[in-house]
Amino acid sequence: MVIINAFKHTALKMKMFSELVMFSHTLFSLPFAIISMVWAAGGWPSGHMMLWGLIALIGARNGANAFNRLVDRTFDGNNPRTAHRHLPQRLLAEKEVILFIIINYALFIVASGMLNLLCLVLSPVAIVLISSYSYTKRFTFLSHLYLGFVIASAPIGAWFAVTGNIAFTPFVIGTVVMLWIAGFDIIYGTQDIEFDRKNGLWSIPSFFGLENALWISKGLHFIMVMLLLFLYLWRDLGWMYLVGIGIATLLLMTEHKIIKPANRKLMKVASYNLNQVISMVILLCTLIDYFYVN
C-alpha cells in the first residue's frame, strides 16, 4: 500500500509539473526545430543528434516556463483568469518549482554539451535569454516579440546542434517562429487588457487597445507567411511545401476570424489549439516535400 501511495503521489506531481509548464505547447517550437535539423543535416540527423537535441529543447522550455510561472505567481494569483494555477493555489511549493527549474536547466546544459562545443558555450547565454522574458512584461509592450524571439531559439539552436556553424536559413526560420508566436500571444493578451492596465503590466493590447492590437497581430502573421514563401524560393522547395503554407494561412485567417476576448474557450482555440495544428501541418508538408516530392 505504501508503494502504491508513493507511486500515485509521484504520478500526481508529474501531472502537475506537466500542467505547470504546459508541456503540450512543445508543439509550438518542436516542429520548426525538426525542420531546421533536417535541412541542416540534408536529411534525417543521427539518432544521437535527435535524442540530445530533443532533451535540450525539453529542458530549456520546461525550465523557462516554470521560471515564468514562479516569477509571475503574484500576478497570476490576482488575475481571476489565472488564479487557478498551481503556485497561486499552492498545489506546488515554490521550493519544488525552483528545484524543477534547476534540474531542467542542468539537463539543457548537459544535452548541449553532448551536441557540440558551440551549443555548450551558448547554453548559459540561452538560459539568461529564455529566463529574462518573464521580466519584459514589467517595462515594455514588446514582450510578445521577445517571447517569440525566445522560442525562436529552438530552430536556431537545432541548426547549430547539427552543423556547429552559424548560417542564414535558421535565422529566417527563427524569425518566422518569432512573428508567429508574437502574433498569437497578442491575441491571447487581449483577455487581460484591463488587468494589465491596473497592475502596471505591459502588453500590445493594453498599450494600443483591442482593435489596434488585433491589426498588429494580423500584420505579424502576414509577414510570417511572406517569410515562409521566401524560404520556398530561397531553398528551392516543392509544391507540397506550398500546400502546407496554404493550409497554415487558412488556419491563421480562421484564428483571426473567431477572436472573442470574452469567450475563454474560443480564445483557447484561437491562441493555442489552431496554432498547434498550424505547426504540425507545416512540419508534415515540409517533410513530405523534402523527402518524397522535391
Side-chain angles (χ1 to χ4, degrees), residues 21-62 64-65 104 107-108 111-112 114-116 118-119 122-123 126 130 148-181 184 224-225 227-232 234-238 240-248 251-252 272-294:
V21 300
M22 300 178 291
F23 191 76
S24 62
H25 293 186
T26 306
L27 288 179
F28 295 144
S29 55
L30 181 59
F32 288 95
I34 293 174
I35 291 171
S36 185
M37 293 182 83
V38 168
W39 283 356
W44 286 112
S46 67
H48 172 91
M49 194 69 62
M50 291 289 287
L51 173 63
W52 289 107
L54 180 61
I55 292 173
L57 173 64
I58 291 174
R61 75 163 306 281
N62 283 354
N65 281 16
N104 276 278
L107 190 63
F108 169 63
S112 298
M114 294 298 294
L115 290 168
N116 56 53
L118 178 62
C119 290
L122 291 178
S123 61
I130 61 181
F149 166 73
V150 165
I151 297 176
S153 64
I156 295 173
W159 188 284
F160 291 170
V162 173
T163 67
N165 297 313
I166 297 173
F168 177 69
T169 295
F171 285 97
V172 179
I173 302 172
T175 304
V176 166
V177 172
M178 180 183 73
L179 296 173
W180 173 51
I181 296 291
F184 73 74
M224 165 205 170
V225 172
L227 285 176
L228 286 170
L229 292 174
F230 170 78
L231 284 171
Y232 166 75
W234 175 258
R235 296 195 59 84
D236 191 26
L237 302 173
M240 194 62 192
Y241 174 85
L242 285 180
V243 169
I245 304 311
I247 296 172
L251 290 172
L252 284 171
Y272 291 142
N273 300 118
L274 280 176
N275 286 292
Q276 289 173 331
V277 176
I278 286 171
S279 61
M280 290 305 298
V281 165
I282 293 175
L283 172 63
L284 291 175
C285 289
T286 301
L287 293 181
I288 292 171
D289 182 84
Y290 187 87
F291 288 107
Y292 300 107
V293 176
N294 194 24

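The chain is numbered in sequence order, starting from 1. All heavy atoms count here, side chains included; hydrogens, waters and symmetry mates do not. The shown structure was predicted, so the numbers you read here are calculated from the model rather than taken from an experiment.
- Here Asn165 pairs with Thr163 under the side chain to side chain contact (heavy atoms under 4.5 Å, CB included) rule; sequence neighbours left out.
- Counting only heavy atoms from C-beta outward, the side chains of Trp44 and Ile34 approach each other to under 4.5 Å.
- Of all the heavy atoms in Ser36 and Pro170, the pair that sits closest is OG-CB, 4.3 Å.
- Taking Leu118 as the reference, Asn116, Leu122, Phe160 meet the side chain to side chain contact (heavy atoms under 4.5 Å, CB included) condition, with sequence neighbours excluded.
- Put simply, the side chain of Leu107 does not reach to within 4.5 Å of the side chain of Asn62, judged on heavy atoms.
- Val281 approaches Gly244 most closely through the heavy-atom pair CG1-O, 3.7 Å.
- To the nearest 0.5 Å, the span separating CD1 on Ile247 from CE on Met280 amounts to 13.0 Å.
- Partners of Val177 by side chain to side chain contact (heavy atoms under 4.5 Å, CB included), not counting sequence neighbours, listed by chain and number: Phe32, Ile151, Ala152, Pro155, Ile181.
- Pairing each heavy atom of Gly43 with each of Tyr290, the nearest pair is N-OH, 3.6 Å.
- Here the side chains of Leu252 and Leu274 are not in contact, with every heavy-atom distance at 4.5 Å or above.
- Heavy atoms only, all atoms of each residue included: Tyr241 and Leu228 are closest at OH-O, 2.7 Å.
- In this structure, Val243 and Ile288 have side chains that are not in contact, with every pair of non-hydrogen atoms separated by 4.5 Å or more.
- Here the shortest heavy-atom pairing between Phe108 and Ala60 reads CD1-CB, 3.7 Å.
- Distance check, rounded to the nearest 0.5 Å: CG of Leu287 to CD1 of Ile282 gives 11.5 Å.
- Residues satisfying the ring pair (Phe, Tyr, Trp, His ring centres under 6.0 Å) test with Phe184, not counting sequence neighbours, are Phe28, Trp180.
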Got a list of side-chain donor-acceptor pairs under 3.5 Å for residues 45-57, not counting sequence neighbours?
unit_1, atom_1, unit_2, atom_2, d
Ser46, OG, Met49, N, 3.1
His48, NE2, Met114, O, 2.9

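- Applying the side chain to side chain contact (heavy atoms under 4.5 Å, CB included) test to Thr169 and every residue at least two apart in sequence or in another chain returns Trp39, Trp159, Ile173, Leu231, Trp234, Arg235.
- Between Met240 and Cys285, the closest heavy-atom pair is O-CB, 3.4 Å.
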